[in-house]
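Single-structure report; data block below.
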Protein chains: 2
Amino acid sequence: MFGNPWIHKRMMQEGLRMTQTRMIILDVLSKRPEHHFSAEEIFIIAHRINPTIGFATVYRTLDLLTRLGVIQKFDFGDGKARYELMMGNKISHHHHLVCTGCGKIIDYTDFTDEEKELMERTEKALSEKYKFKIKNHIIQFYGLCNDCNVERR
Amino acid sequence: MFGNPWIHKRMMQEGLRMTQTRMIILDVLSKRPEHHFSAEEIFIIAHRINPTIGFATVYRTLDLLTRLGVIQKFDFGDGKARYELMMGNKISHHHHLVCTGCGKIIDYTDFTDEEKELMERTEKALSEKYKFKIKNHIIQFYGLCNDCNVERR
DNA sequence: TCCTTATTGATAATAATTCTCATTATCATT
DNA sequence: AATGATAATGAGAATTATTATCAATAAGGA
(Lines give C-alpha, C1' and ligand atoms only; values in the text may rest on other atoms or scores of the structure.)
Protein backbone atom coordinates (compact mmCIF):
# COMPACT_ATOMS: atom_id res chain seq x y z
CA MET A 1 0.00 0.00 0.00
CA PHE A 2 1.07 3.51 -0.68
CA GLY A 3 2.56 5.12 2.39
CA ASN A 4 4.25 8.39 1.67
CA PRO A 5 4.98 10.28 4.90
CA TRP A 6 5.27 13.60 3.09
CA ILE A 7 1.79 13.42 1.62
CA HIS A 8 0.31 12.09 4.85
CA LYS A 9 1.83 14.99 6.75
CA ARG A 10 0.61 17.51 4.18
CA MET A 11 -2.93 16.24 4.67
CA MET A 12 -2.81 16.24 8.46
CA GLN A 13 -1.58 19.83 8.40
CA GLU A 14 -4.57 20.84 6.32
CA GLY A 15 -7.02 19.05 8.59
CA LEU A 16 -7.61 16.38 5.97
CA ARG A 17 -7.83 12.65 6.56
CA MET A 18 -5.77 9.92 4.96
CA THR A 19 -8.50 7.46 4.10
CA GLN A 20 -8.41 3.98 2.58
CA THR A 21 -9.81 5.34 -0.66
CA ARG A 22 -7.18 8.04 -0.93
CA MET A 23 -4.42 5.56 -0.26
CA ILE A 24 -5.74 3.19 -2.90
CA ILE A 25 -5.91 5.96 -5.48
CA LEU A 26 -2.41 7.13 -4.65
CA ASP A 27 -1.31 3.52 -4.90
CA VAL A 28 -2.83 3.14 -8.35
CA LEU A 29 -1.10 6.30 -9.53
CA SER A 30 2.25 5.30 -8.01
CA LYS A 31 2.28 1.91 -9.69
CA ARG A 32 2.61 3.55 -13.10
CA PRO A 33 4.18 6.96 -12.53
CA GLU A 34 4.74 7.46 -16.25
CA HIS A 35 1.14 6.76 -17.27
CA HIS A 36 -1.39 9.43 -18.16
CA PHE A 37 -4.41 8.21 -16.22
CA SER A 38 -7.92 9.28 -17.03
CA ALA A 39 -10.36 9.48 -14.12
CA GLU A 40 -12.18 6.47 -15.52
CA GLU A 41 -9.04 4.32 -15.65
CA ILE A 42 -8.29 5.14 -12.05
CA PHE A 43 -11.85 4.36 -11.07
CA ILE A 44 -11.78 0.96 -12.77
CA ILE A 45 -8.52 -0.12 -11.14
CA ALA A 46 -9.40 1.29 -7.72
CA HIS A 47 -12.82 -0.29 -7.95
CA ARG A 48 -11.21 -3.66 -8.61
CA ILE A 49 -9.18 -3.27 -5.41
CA ASN A 50 -12.14 -2.09 -3.37
CA PRO A 51 -15.53 -2.38 -5.09
CA THR A 52 -17.18 0.03 -2.69
CA ILE A 53 -15.26 2.96 -4.15
CA GLY A 54 -17.48 5.30 -6.16
CA PHE A 55 -16.80 7.41 -9.20
CA ALA A 56 -17.55 10.70 -7.48
CA THR A 57 -14.96 9.99 -4.84
CA VAL A 58 -12.35 9.37 -7.48
CA TYR A 59 -13.05 12.78 -8.97
CA ARG A 60 -13.06 14.43 -5.55
CA THR A 61 -9.78 12.79 -4.64
CA LEU A 62 -8.10 13.70 -7.90
CA ASP A 63 -9.23 17.26 -7.46
CA LEU A 64 -7.91 17.35 -3.91
CA LEU A 65 -4.56 15.83 -4.81
CA THR A 66 -4.20 18.28 -7.65
CA ARG A 67 -4.84 21.21 -5.34
CA LEU A 68 -2.28 19.81 -2.91
CA GLY A 69 0.25 19.55 -5.70
CA VAL A 70 0.62 15.81 -5.19
CA ILE A 71 -0.54 15.02 -8.70
CA GLN A 72 -0.75 17.11 -11.84
CA LYS A 73 -3.71 17.42 -14.15
CA PHE A 74 -3.29 17.59 -17.92
CA ASP A 75 -5.45 18.17 -20.93
CA PHE A 76 -4.40 16.66 -24.21
CA GLY A 77 -7.44 17.80 -26.13
CA ASP A 78 -9.39 14.55 -26.22
CA GLY A 79 -12.09 15.74 -23.86
CA LYS A 80 -11.01 14.02 -20.70
CA ALA A 81 -8.50 15.12 -18.09
CA ARG A 82 -5.35 13.12 -17.34
CA TYR A 83 -3.47 12.78 -14.09
CA GLU A 84 0.07 11.94 -13.11
CA LEU A 85 1.84 11.64 -9.80
CA MET A 86 4.42 14.32 -9.04
CA MET A 87 7.19 12.10 -7.66
CA GLY A 88 9.56 13.91 -5.37
CA ASN A 89 8.71 16.79 -7.65
CA LYS A 90 11.80 17.09 -9.81
CA ILE A 91 12.62 13.50 -10.63
CA SER A 92 9.62 12.78 -12.76
CA HIS A 93 9.26 16.19 -14.31
CA HIS A 94 8.76 15.95 -18.02
CA HIS A 95 6.90 17.47 -20.92
CA HIS A 96 4.76 16.07 -23.67
CA LEU A 97 4.67 15.77 -27.40
CA VAL A 98 1.02 15.44 -28.39
CA CYS A 99 0.19 14.04 -31.82
CA THR A 100 -2.86 15.84 -33.15
CA GLY A 101 -3.31 13.09 -35.71
CA CYS A 102 -3.77 10.01 -33.53
CA GLY A 103 -3.61 11.38 -30.00
CA LYS A 104 -0.40 9.57 -29.09
CA ILE A 105 1.56 11.16 -26.25
CA ILE A 106 5.33 11.01 -26.10
CA ASP A 107 7.05 11.95 -22.86
CA TYR A 108 10.06 14.12 -23.19
CA THR A 109 12.52 14.15 -20.31
CA ASP A 110 15.85 14.96 -21.88
CA PHE A 111 16.31 18.44 -20.56
CA THR A 112 19.58 20.09 -21.18
CA ASP A 113 21.17 21.83 -18.22
CA GLU A 114 20.74 25.05 -20.08
CA GLU A 115 17.06 24.39 -20.45
CA LYS A 116 16.53 23.60 -16.77
CA GLU A 117 18.46 26.63 -15.70
CA LEU A 118 16.56 28.88 -18.06
CA MET A 119 13.21 27.63 -16.81
CA GLU A 120 14.24 28.38 -13.25
CA ARG A 121 15.36 31.88 -14.13
CA THR A 122 12.19 32.44 -16.13
CA GLU A 123 10.00 31.33 -13.25
CA LYS A 124 11.81 33.60 -10.86
CA ALA A 125 11.56 36.58 -13.21
CA LEU A 126 7.85 35.98 -13.80
CA SER A 127 7.18 35.58 -10.09
CA GLU A 128 8.70 38.94 -9.39
CA LYS A 129 7.33 40.84 -12.33
CA TYR A 130 3.75 39.63 -12.01
CA LYS A 131 3.70 39.00 -8.27
CA PHE A 132 2.70 35.47 -9.07
CA LYS A 133 3.62 32.48 -6.92
CA ILE A 134 4.41 29.74 -9.45
CA LYS A 135 3.73 26.19 -8.30
CA ASN A 136 4.40 24.28 -11.48
CA HIS A 137 4.27 24.51 -15.23
CA ILE A 138 3.45 22.47 -18.28
CA ILE A 139 5.03 22.51 -21.70
CA GLN A 140 3.33 20.68 -24.51
CA PHE A 141 4.39 20.45 -28.12
CA TYR A 142 1.67 19.75 -30.66
CA GLY A 143 2.26 18.23 -34.03
CA LEU A 144 2.30 15.00 -35.98
CA CYS A 145 4.08 11.80 -35.02
CA ASN A 146 6.00 9.88 -37.64
CA ASP A 147 3.11 7.59 -38.53
CA CYS A 148 0.62 10.42 -38.96
CA ASN A 149 3.08 12.61 -40.82
CA VAL A 150 3.77 9.96 -43.44
CA GLU A 151 0.20 9.25 -44.48
CA ARG A 152 -0.67 12.86 -45.32
CA ARG A 153 -4.43 12.90 -45.60
CA MET B 1 -14.92 41.71 -42.69
CA PHE B 2 -12.05 39.39 -42.17
CA GLY B 3 -10.21 38.76 -45.40
CA ASN B 4 -6.94 37.00 -44.87
CA PRO B 5 -5.55 35.71 -48.16
CA TRP B 6 -3.28 33.22 -46.41
CA ILE B 7 -6.12 31.48 -44.62
CA HIS B 8 -8.37 31.60 -47.65
CA LYS B 9 -5.66 29.98 -49.73
CA ARG B 10 -5.01 27.32 -47.10
CA MET B 11 -8.67 26.35 -47.20
CA MET B 12 -8.89 26.23 -50.98
CA GLN B 13 -5.85 23.97 -51.07
CA GLU B 14 -7.56 21.55 -48.71
CA GLY B 15 -10.76 21.52 -50.72
CA LEU B 16 -12.54 23.54 -48.03
CA ARG B 17 -14.86 26.48 -48.55
CA MET B 18 -14.60 29.97 -47.15
CA THR B 19 -18.15 30.49 -46.00
CA GLN B 20 -19.90 33.49 -44.45
CA THR B 21 -20.01 31.76 -41.11
CA ARG B 22 -16.30 31.01 -41.13
CA MET B 23 -15.48 34.57 -42.05
CA ILE B 24 -17.66 35.91 -39.26
CA ILE B 25 -16.03 33.63 -36.71
CA LEU B 26 -12.56 34.61 -37.88
CA ASP B 27 -13.68 38.21 -37.71
CA VAL B 28 -14.84 37.84 -34.13
CA LEU B 29 -11.53 36.28 -33.15
CA SER B 30 -9.47 38.89 -34.98
CA LYS B 31 -11.23 41.78 -33.25
CA ARG B 32 -9.72 40.79 -29.91
CA PRO B 33 -6.55 38.83 -30.67
CA GLU B 34 -5.48 38.90 -27.05
CA HIS B 35 -8.74 37.50 -25.66
CA HIS B 36 -9.24 33.90 -24.57
CA PHE B 37 -12.59 33.13 -26.18
CA SER B 38 -14.81 30.31 -25.06
CA ALA B 39 -16.96 28.65 -27.71
CA GLU B 40 -20.02 30.18 -26.10
CA GLU B 41 -18.64 33.72 -26.27
CA ILE B 42 -17.86 33.28 -29.93
CA PHE B 43 -21.32 31.87 -30.55
CA ILE B 44 -23.04 34.81 -28.82
CA ILE B 45 -21.12 37.45 -30.77
CA ALA B 46 -21.33 35.62 -34.09
CA HIS B 47 -25.03 35.02 -33.51
CA ARG B 48 -25.55 38.74 -32.99
CA ILE B 49 -23.92 39.39 -36.37
CA ASN B 50 -25.86 36.66 -38.10
CA PRO B 51 -28.66 35.06 -36.06
CA THR B 52 -28.86 32.04 -38.32
CA ILE B 53 -25.50 30.76 -37.08
CA GLY B 54 -25.84 27.69 -34.91
CA PHE B 55 -23.83 26.47 -31.95
CA ALA B 56 -22.75 23.25 -33.63
CA THR B 57 -21.27 25.17 -36.51
CA VAL B 58 -19.24 27.29 -34.13
CA TYR B 59 -17.76 24.15 -32.63
CA ARG B 60 -17.15 22.64 -36.03
CA THR B 61 -15.45 25.78 -37.26
CA LEU B 62 -13.28 26.14 -34.17
CA ASP B 63 -12.22 22.55 -34.54
CA LEU B 64 -11.40 23.04 -38.20
CA LEU B 65 -9.43 26.23 -37.62
CA THR B 66 -7.50 24.54 -34.85
CA ARG B 67 -6.60 21.65 -37.12
CA LEU B 68 -5.49 24.12 -39.78
CA GLY B 69 -3.31 25.89 -37.23
CA VAL B 70 -5.14 29.17 -37.75
CA ILE B 71 -6.24 29.34 -34.13
CA GLN B 72 -4.96 27.63 -31.01
CA LYS B 73 -7.03 25.80 -28.42
CA PHE B 74 -6.26 26.07 -24.72
CA ASP B 75 -7.45 24.50 -21.52
CA PHE B 76 -7.14 26.49 -18.33
CA GLY B 77 -8.83 23.93 -16.14
CA ASP B 78 -12.25 25.53 -15.83
CA GLY B 79 -14.01 22.94 -17.92
CA LYS B 80 -14.37 24.85 -21.15
CA ALA B 81 -11.91 25.22 -24.03
CA ARG B 82 -10.52 28.61 -25.04
CA TYR B 83 -9.45 29.79 -28.46
CA GLU B 84 -7.08 32.41 -29.77
CA LEU B 85 -6.08 33.51 -33.24
CA MET B 86 -2.52 32.72 -34.28
CA MET B 87 -1.62 36.03 -35.90
CA GLY B 88 1.14 35.72 -38.46
CA ASN B 89 2.33 33.02 -36.10
CA LYS B 90 5.18 34.69 -34.27
CA ILE B 91 3.83 38.12 -33.49
CA SER B 92 1.15 37.10 -31.05
CA HIS B 93 2.92 34.13 -29.54
CA HIS B 94 2.73 34.20 -25.80
CA HIS B 95 2.33 32.01 -22.77
CA HIS B 96 0.04 32.04 -19.76
CA LEU B 97 0.17 32.35 -16.03
CA VAL B 98 -2.93 30.60 -14.69
CA CYS B 99 -4.06 31.40 -11.16
CA THR B 100 -5.44 28.24 -9.60
CA GLY B 101 -7.09 30.36 -6.93
CA CYS B 102 -9.41 32.56 -8.97
CA GLY B 103 -8.85 31.42 -12.54
CA LYS B 104 -7.30 34.68 -13.69
CA ILE B 105 -5.09 34.40 -16.76
CA ILE B 106 -2.07 36.61 -17.26
CA ASP B 107 -0.45 36.71 -20.68
CA TYR B 108 3.28 36.59 -20.70
CA THR B 109 5.02 37.86 -23.81
CA ASP B 110 8.39 39.11 -22.60
CA PHE B 111 10.59 36.46 -24.12
CA THR B 112 14.26 36.94 -23.89
CA ASP B 113 16.22 36.29 -27.06
CA GLU B 114 17.87 33.46 -25.23
CA GLU B 115 14.50 31.93 -24.48
CA LYS B 116 13.28 32.18 -28.04
CA GLU B 117 16.46 30.74 -29.40
CA LEU B 118 16.40 27.87 -26.94
CA MET B 119 12.82 26.98 -27.81
CA GLU B 120 13.75 26.83 -31.46
CA ARG B 121 16.70 24.60 -30.79
CA THR B 122 14.62 22.42 -28.50
CA GLU B 123 11.91 22.02 -31.10
CA LYS B 124 14.44 21.09 -33.73
CA ALA B 125 16.13 18.56 -31.46
CA LEU B 126 12.80 16.99 -30.48
CA SER B 127 11.66 16.83 -34.09
CA GLU B 128 14.71 14.89 -35.06
CA LYS B 129 14.94 12.63 -32.05
CA TYR B 130 11.28 11.62 -31.96
CA LYS B 131 10.54 11.99 -35.68
CA PHE B 132 7.80 14.38 -34.67
CA LYS B 133 6.70 17.32 -36.79
CA ILE B 134 6.07 20.09 -34.28
CA LYS B 135 3.41 22.61 -35.25
CA ASN B 136 3.21 24.68 -32.09
CA HIS B 137 3.59 24.52 -28.35
CA ILE B 138 2.07 25.85 -25.18
CA ILE B 139 3.72 26.80 -21.93
CA GLN B 140 1.54 27.43 -18.92
CA PHE B 141 2.63 28.34 -15.42
CA TYR B 142 0.25 27.46 -12.61
CA GLY B 143 0.20 29.15 -9.26
CA LEU B 144 -1.37 31.92 -7.24
CA CYS B 145 -1.79 35.52 -8.28
CA ASN B 146 -1.03 38.28 -5.82
CA ASP B 147 -4.61 38.57 -4.58
CA CYS B 148 -5.03 34.85 -3.99
CA ASN B 149 -1.60 34.48 -2.43
CA VAL B 150 -2.29 37.13 0.20
CA GLU B 151 -5.54 35.76 1.57
CA ARG B 152 -4.12 32.30 2.33
CA ARG B 153 -7.14 30.11 2.95
C1' DT C 1 -14.11 3.93 23.40
C1' DC C 2 -16.52 8.22 22.14
C1' DC C 3 -17.43 12.35 19.53
C1' DT C 4 -16.90 15.63 16.04
C1' DT C 5 -16.84 16.23 11.39
C1' DA C 6 -14.39 15.12 7.11
C1' DT C 7 -15.40 11.81 3.75
C1' DT C 8 -17.99 8.67 1.13
C1' DG C 9 -21.37 6.17 -2.23
C1' DA C 10 -25.24 6.43 -5.01
C1' DT C 11 -27.50 8.88 -8.00
C1' DA C 12 -29.39 12.90 -9.98
C1' DA C 13 -28.03 17.05 -12.25
C1' DT C 14 -25.24 19.93 -15.07
C1' DA C 15 -22.62 21.53 -18.82
C1' DA C 16 -19.62 21.19 -22.70
C1' DT C 17 -19.18 19.07 -26.88
C1' DT C 18 -20.53 15.92 -30.67
C1' DC C 19 -23.75 13.50 -33.72
C1' DT C 20 -27.59 13.09 -37.10
C1' DC C 21 -29.76 14.28 -41.10
C1' DA C 22 -32.40 16.91 -44.13
C1' DT C 23 -31.48 21.41 -46.24
C1' DT C 24 -28.54 25.03 -48.11
C1' DA C 25 -24.59 27.48 -49.99
C1' DT C 26 -19.99 27.42 -52.21
C1' DC C 27 -17.29 27.34 -56.16
C1' DA C 28 -15.41 25.06 -60.25
C1' DT C 29 -17.25 24.37 -64.53
C1' DT C 30 -20.04 25.42 -68.16
C1' DA D 1 -25.03 33.89 -65.31
C1' DA D 2 -26.77 29.05 -64.77
C1' DT D 3 -25.52 24.29 -63.19
C1' DG D 4 -24.06 20.50 -60.47
C1' DA D 5 -21.33 18.02 -57.11
C1' DT D 6 -20.66 18.17 -52.50
C1' DA D 7 -18.90 20.74 -48.46
C1' DA D 8 -21.14 23.09 -44.93
C1' DT D 9 -25.01 24.30 -42.11
C1' DG D 10 -28.90 24.59 -38.47
C1' DA D 11 -31.75 22.49 -35.21
C1' DG D 12 -32.04 19.71 -31.83
C1' DA D 13 -31.19 15.24 -29.89
C1' DA D 14 -27.55 12.54 -27.86
C1' DT D 15 -23.38 11.76 -25.57
C1' DT D 16 -19.98 12.22 -22.15
C1' DA D 17 -17.14 14.12 -18.53
C1' DT D 18 -17.62 16.22 -14.36
C1' DT D 19 -20.14 18.18 -10.27
C1' DA D 20 -23.79 18.66 -6.69
C1' DT D 21 -26.87 16.58 -3.16
C1' DC D 22 -27.56 14.23 0.98
C1' DA D 23 -27.97 10.69 4.20
C1' DA D 24 -24.69 7.27 5.99
C1' DT D 25 -19.95 6.16 7.36
C1' DA D 26 -15.35 6.29 9.14
C1' DA D 27 -10.91 8.92 10.60
C1' DG D 28 -8.44 10.41 14.36
C1' DG D 29 -8.02 13.39 18.48
C1' DA D 30 -9.69 13.25 23.27
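Chain letters run A, B, ... following the sequence lines, proteins first and then strands; every chain starts at 1. Quick caveat: nothing in here was measured; it's all calculated off a predicted structure.
Here C:dA6 is the nucleotide among D:dT18, C:dA6, C:dT17 with the atom lying nearest to any side-chain atom of A:Arg17. Across C:dT8, C:dT17, C:dT11, the shortest atom-to-atom separation from the side chain of A:Thr61 is found for C:dT8.
Residue contacts shown for B:Ser38 are absent, as no nucleic acid heavy atom lies under 4.0 Å away. Using a 4.0 Å heavy-atom cutoff across all strands shown, A:Thr57 reaches at least one base atom of the nucleic acid.
Projected onto DNA chain C by closest heavy-atom contact, B:Lys80 and B:Met12 fall at different nucleotides, the more 5' of which corresponds to B:Lys80. Between B:Thr52 and B:Gly15, the residue anchored closer to the 5' end of DNA chain D is B:Gly15, taking for each the nucleotide with the nearest heavy atom.
Distance, B:Leu68 CG to D:dA8 P: 10 Å, rounded to whole Å. Look at NE2 on A:His47: it is 13 Å from C1' on C:dT8, rounded to the nearest Å. Atom CG in B:Leu64 sits about 17 Å away from atom P in C:dT17, given to the nearest Å. We find that CD1 of A:Ile53 is positioned 15 Å from P of C:dT7, with the value rounded to whole Å. Remark: P of D:dA7 and CD of B:Gln13 are 17 Å apart, rounded to the nearest angstrom. As rounded to whole Å, 10 Å separates atom C1' of C:dC27 from atom NE2 of B:His8. In this entry the distance linking CZ of A:Phe55 with P of D:dT18 reads 8 Å, nearest Å. In this structure, B:Met11 atom CE and D:dA8 atom P are separated by 7 Å, rounded to whole Å.
Looking at A:Glu84 and A:His94, their side chains come closer than 4.5 Å, going by heavy atoms from C-beta outward. Contact check for B:Leu26 versus B:Met18: side-chain heavy atoms found under the 4.5 Å cut-off.
A salt bridge between B:Glu14 and B:Arg67 is absent, with no side-chain N of the basic residue lying under 4.0 Å from a carboxylate O of the acidic one.
At the phosphate of D:dT19, neither OP1 nor OP2 sits under 4.0 Å from any side-chain N or O atom of A:Tyr59. Contact between the side-chain N/O atoms of A:Arg22 and the OP1/OP2 oxygens of D:dA27 is not found at any separation under 4.0 Å. Here A:Thr19 does not reach the OP1 or OP2 of D:dA27: none of its side-chain N or O atoms lies under 4.0 Å away. Contact check, B:Arg60 against C:dT18: no side-chain N or O comes under 4.0 Å of OP1 or OP2.
Between the side chains of A:His36 and A:His96, at least one donor N or O sits under 3.5 Å from an acceptor N or O.
Taken from CZ in B:Phe76 to CD1 in B:Ile105, the straight-line distance is 4.5 Å, to the nearest 0.5 Å.
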